[in-house]
There are 2 protein chains.
Amino acid sequence: MDVRTICLGLLTYGEATGYEIKKRLEEGAIGQVTGVSFGAIYPALTRLAEDGLLSARDEPQDKRPDKKVYALTEKGRAALIEALLEPVGEDRFRSPFIFVMSLADLLPPERVQRLIDQRIAWVEEKRRDLEIMFEESTSEAQRFTCGYGLAVHGAELAYLRTHRRRLEECLAGERAGTRTGFVSAVEGGLSS
Amino acid sequence: MDVRTICLGLLTYGEATGYEIKKRLEEGAIGQVTGVSFGAIYPALTRLAEDGLLSARDEPQDKRPDKKVYALTEKGRAALIEALLEPVGEDRFRSPFIFVMSLADLLPPERVQRLIDQRIAWVEEKRRDLEIMFEESTSEAQRFTCGYGLAVHGAELAYLRTHRRRLEECLAGERAGTRTGFVSAVEGGLSS
DNA sequence: CCCAACATGTAAACGGTTACATGATTAC
DNA sequence: GTAATCATGTAACCGTTTACATGTTGGG
């Protein structure tokens, strides 16, 4: 999803400035699966307005710099829907954590343990955020999105907790002289 | 994770050519969370060899172009471990599908239904791939990685199936005149 | 007193992908 | 015959991030 479509999408929730669009992104569930910085947003908004997909209004503020408030035009709404009807691209998931874990044999067990602990804390936080977002959602579609994240991160958490425990047992086993691999098969088998 | 670290990581499974590194990436579980193209791999390998992190050997082949087989040096292995001990970066997840779903209100229900169906098919395929990768894994760390994907995608699948059904009911309800939101709350509550 | 939030914008740098160039072999 | 696999490499291009430039207000 390119910056343009993201901006159009965020503006369906009402008119906003570039700054506010960034905030909606960061504070909403959509920000979990998309991300753009000011350096990309501002030029995109300018072009979108030039193309007639957005209306721009200058709002002078005293004691603060002027605001440029953008709103979807009919043409913009049509362009957004058109974009949403196009075939969706593939997910793009980059996880340094999982990459490092895939090479865990090379690392001291304490490092792996810490990595998992940090990850658990991070996922827990993410889930807390998502719960708040879920409550604050104003549309079914937004609730669907938050629910998605909650479901996925819930499973992640369960997996991590199980394997953290397994790692602990292994370390204990090593001290006791019982050598076992520190990570073992997925519980419940492979099929679901 | 930059190309260099990825190449070093892939070479811990044994010496390989640039072409083979790409294959390991695509066919292994690590490819699910990292991705690089030839255009990035080849220059990276050249530089890595220049820096003494890899040894390069030219293997002439008859009936085929020459191979450049790279292998980790001691220095390279040390550099990799050093990189793995550094603080891991954040996940970066981009999902056009979830973005579109977050704006599902704007779309015809049939479109949403199809999107979910396609997604289910895609996740099912991904899971089949991961099951094979799990079976073929040679280390506990690799099994951990595959198991991770299986757990997460399993939850995703369950969520999608539930919500697909709900959407169906909603459509049926609409035909019968009973108006309900097409997506509803996450079953089992929000906490876990 | 300094930092965070508010507010917009530009330019350089970066990391990467895509396309191109080349060419033989094998399997359908 | 034609597509896929094997095999390496370069250059142009692309979207984004980072840093910079500028300035006010309010809270700790």
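Below, chain A is the first sequence line, B the second, and so on; all start at residue 1.
- Computed from coordinates, the A:I21 CD1 to C:dA7 P distance equals 13 Å when rounded to whole Å.
- Contact between the side-chain N/O atoms of B:K22 and the OP1/OP2 oxygens of D:dC6 is not found at any separation under 4.0 Å.
- We find that CD of A:E50 is positioned 11 Å from P of C:dG9, with the value rounded to whole Å.
- Between the P atom of C:dA7 and the OH atom of A:Y70 lies a distance of 14 Å, rounded to the nearest Å.
- Over its length, the helix from C:dC1-D:dG28 to C:dC28-D:dG1 turns its helix axis by 40°, as judged from the five terminal pairs at each end, rounded to 10°.
- Rounded to whole Å, atom C1' of C:dC6 lies 15 Å from atom CD1 of A:I41.
- Checked against the 6.0 Å centroid criterion, the rings of B:F134 and B:F144 do not qualify as a close aromatic pair.
- At the phosphate of D:dT5, neither OP1 nor OP2 sits under 4.0 Å from any side-chain N or O atom of B:K23.
- Atom CG of A:L45 is separated from atom P of C:dT8 by 9 Å (rounded to the nearest Å).
- Minimum atom distance to the side chain of B:Y42 is reached by D:dA7, of the listed C:dA7, D:dA7, C:dT10.
- The shortest heavy-atom contact between A:Y70 and A:L11 is O-CD2, 3.6 Å.
- The aromatic rings of B:Y42 and B:F38 lie parallel to each other, their planes meeting at an angle below 30°, with 60° marking the opposite boundary.
- In this structure, A:L167 and A:R164 have side chains that are not in contact, with every pair of non-hydrogen atoms separated by 4.5 Å or more.
- Spacing between atom CZ of A:R24 and atom P of C:dA7 amounts to 13 Å, rounded to whole angstrom units.
- Residues A:E86 and B:R111 come closest through the heavy atom pair O-NH2, 2.8 Å.
- Within the structure, a side-chain polar atom (N or O) of B:T17 is placed less than 4.0 Å from OP1 or OP2 of D:dT8.
- The interatomic distance linking B:Y19 (OH) with C:dG23 (P) rounds to 18 Å, in whole Å.
- More than 12 heavy-atom neighbours from other residues, nucleotides or ligands sit within 6.0 angstrom of CZ on B:R57.
- Going from atom CD of B:E59 over to atom C1' of D:dT8 covers 15 Å, rounded to whole Å.
- Panel note: side chain B:T12, backbone B:L8; no donor-acceptor pair is recorded below 3.5 Å.
- Here the side chain of B:T162 pairs a donor or acceptor atom with the backbone of B:A158 at under 3.5 angstrom.
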Practice problem: List the protein contact pattern of nucleotides 13-18 of chain D with one symbol per nucleotide (5' to 3'): B for base contact, S for sugar-phosphate-only contact, - for none; contact means a heavy-atom distance under 4.0 Å. | Solution: ---SBB
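- B:R127 has its side chain within reach of B:L157: a pair of non-hydrogen atoms, C-beta onward, lies under 4.5 Å apart.
- For the pair B:K67 and D:dA7, the criterion of a side-chain N or O lying under 4.0 Å from OP1 or OP2 is met.
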